[in-house]
Amino acid sequence: MTSDRELGVGVIGCGGIANFAHIPSYLRHARSRVVAVADIDPAKARDTAERWGIGSWYQDYRELLARPDVEAVSVTTWPAAHASEVVAAARAGKHVLCEKPIATELEDADAMVEEADRAGVKLMIGYQHRFGSVWPRVERLLEEETIGRVMALSIVSCAPSSHSAPWFLQKRYSGGGVLMDWGIYTAYTINWLFGPVESVCAESATFRPNVRVRDTLLEGLDVEDTVAAVLRFRSGAMGTWYSCWAGRASHGYTSVDGLDGSMVVSQGDRRGISLYSTRLGDPEHLGGWRVLPVVEPPLSEVHYRKIAHFVDCVLDDAPLAVTGADGRDALELVLAIYRSAESGAPVRLPLARIPAAARQPEGKG
Ligand SMILES: NC(=O)c1ccc[n+]([C@@H]2O[C@H](COP(=O)([O-])OP(=O)(O)OC[C@H]3O[C@@H](n4cnc5c(N)ncnc54)[C@H](O)[C@@H]3O)[C@@H](O)[C@H]2O)c1
């Protein structure tokens with residue numbers, strides 16, 4: 001049954017993505033309103049509330065969670081802060097839309113998923129490309145077996161990094177570099193479209209250890225800017241994945257080879273999906289590649305669809321397209337690649353737990 005009432009939302013973290021996507025989308029959606037925001041930087045909380053005409057702001061997010069008119073929250077802080085905020089929100093009975101990555105440690109991600117389940121609240125992770133046009137189209141082509149059984153895939157994803165804040169390049173806040181920030185979208189997509197990965201073998205490097213982010217020169221970076229991995233899927237398929245934000249130019253693609261055809265999705269290509277399929281019944285003389293026109297909406301629109309989906313699922317008690325468990329599994333794949341790159345050995349999934357006492361202490365933001 002659908003409900004026509006408005007969902008009361010709070011936003012924790014008043015930075016870039018909150019102001020670009022979350023707050024404007026909640027305000028645009030007819031079924032939600034933003035009643036309060038919070039940020040450890042009080043100036044950011046106040047400026048954000050004033051900018052969008054939101055009645056209340058807090059420096060301590062626990063005050064926001066104490067409000068009965070806050071029924072759901074967006075968690076848009078840096079990754080190392082997500083776990084404590086999501087667990088506190090679930091315990092307060094709030095539904096949560098948490099930005100990617102779900103957390104920086106697998107144990108934290110498990111605790112977040114468990115706490116949301118225990119509290120009976122919804123937990124969604126912010127993978128907006130699930131709500132775009134290109135990847136759902138790829139999903140349909142795979143489901144329709146247009147290229148037959150998938151044998152292998154290859155992913156190249158490169159662009160110069162242009163971060164808005166230093167924390168993106170500091171492991172204690174971000175949990176990692178190019179793979180944790182950008183690669184986590186790919187990890188989610190890999191799991192979604194091609195099923196679980198069984199083992200990984202990877203290398204990583206930091207080719208630019210000193211980087212300027214706005215006015216801050218960061219030296220001796222502890223996060224990777226380049227990763228190359230070989231994947232083996234539980235289905236038997238195999239793949240390679242190379243990701244880099246140390247280069248000068250943006251380029252990349254995902255190619256998928258099946259027993260009956262191939263597909264190529266090029267990064268930034270607005271023409272669509274290149275497809276070769278022996279199943280489409282082309283006469284022999286027309287055999288070859290075709291381009292399926294797929295127009296990707298502007299990013300702000302894709303974010304809007306993601307946030308509207310969250311609001312509608314909460315109000316209508318409908319299943320989420322992207323769950324906390326999906327976010328947890330994407331994190332596990334990224335962490336498996338990190339473990340392999342560190343140890344120089346192949347790593348199998350699911351990951352064995354590392355006891356808390358043996359883990360490096362993390363200064364959580
Ligand atoms: N889905 C996407 O397209 C997308 C794009 C950009 C960022 N992100 C993700 O969104 C999150 C935020 O990124 P951003 O670019 O907005 O960063 P940002 O630095 O602009 O904003 C983060 C804000 O969180 C605040 N904060 C940190 N800890 C807090 C706490 N405990 N309580 C309250 N506020 C706290 C900071 O003061 C800052 O204002 C990250 O997880 C990032 O990976 C997602």
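Quick note: numbers below take in every heavy atom, side chains included, and nothing from hydrogens, waters or symmetry partners. All ligand and atom numbering here is 1-based and tracks the order in the structure.
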If the contact criterion is a heavy-atom separation under 4.0 Å, does Y185 count as touching ligand 1? yes

Looking only at heavy atoms, is any part of K100 under 4.0 Å from ligand 1, and if so is it the side chain, the backbone, or both, or is it neither? both

Under 3.5 Å, N or O to N or O, is G16 touching ligand 1 that way? yes

Hey, is ligand 1 close enough to E99 that some N/O pair sits below 3.5 Å? yes

So, are E219 and R212 salt-bridged, with charged N and O less than 4.0 Å apart? no

Side chain, backbone, both or neither: which part of Y127 has a heavy atom under 4.0 Å from ligand 1? neither

E6 atom CD, neighbour heavy-atom count above 12 within 6.0 Å: yes

Please tell me whether Y338 and E224 have a donor and an acceptor in their side chains that are separated by less than 3.5 angstrom. yes

So which bit of F168 gets within less than 4.0 Å of ligand 1, heavy atoms only: side chain, backbone, both or neither? side chain

Ligand 1 and I40, any nitrogen or oxygen pair closer than 3.5 angstrom? yes

Taking side chain to side chain contact (heavy atoms under 4.5 Å, CB included) as the definition, give me every residue that meets it alongside A88, ordered by chain and number, with sequence neighbours left out. Y61, L65

Relative to atom 13 (O) of ligand 1, which among W182, Y58, W167 owns the nearest non-hydrogen atom? W167

Can you find an N or O of Y61 that's nearer than 3.5 Å to an N or O of ligand 1? no

W167 vs P79 side-chain heavy atoms within contact, under 4.5 Å: yes

Considering all heavy atoms, the nearest V291-P293 contact: O-CD, 3.3 Å

Contact check, Q59 vs ligand 1, heavy-atom distance below 4.0 Å: no

Just checking, is any N or O donor in the side chain of D257 or S262 under 3.5 Å from an acceptor N or O on the other one? yes

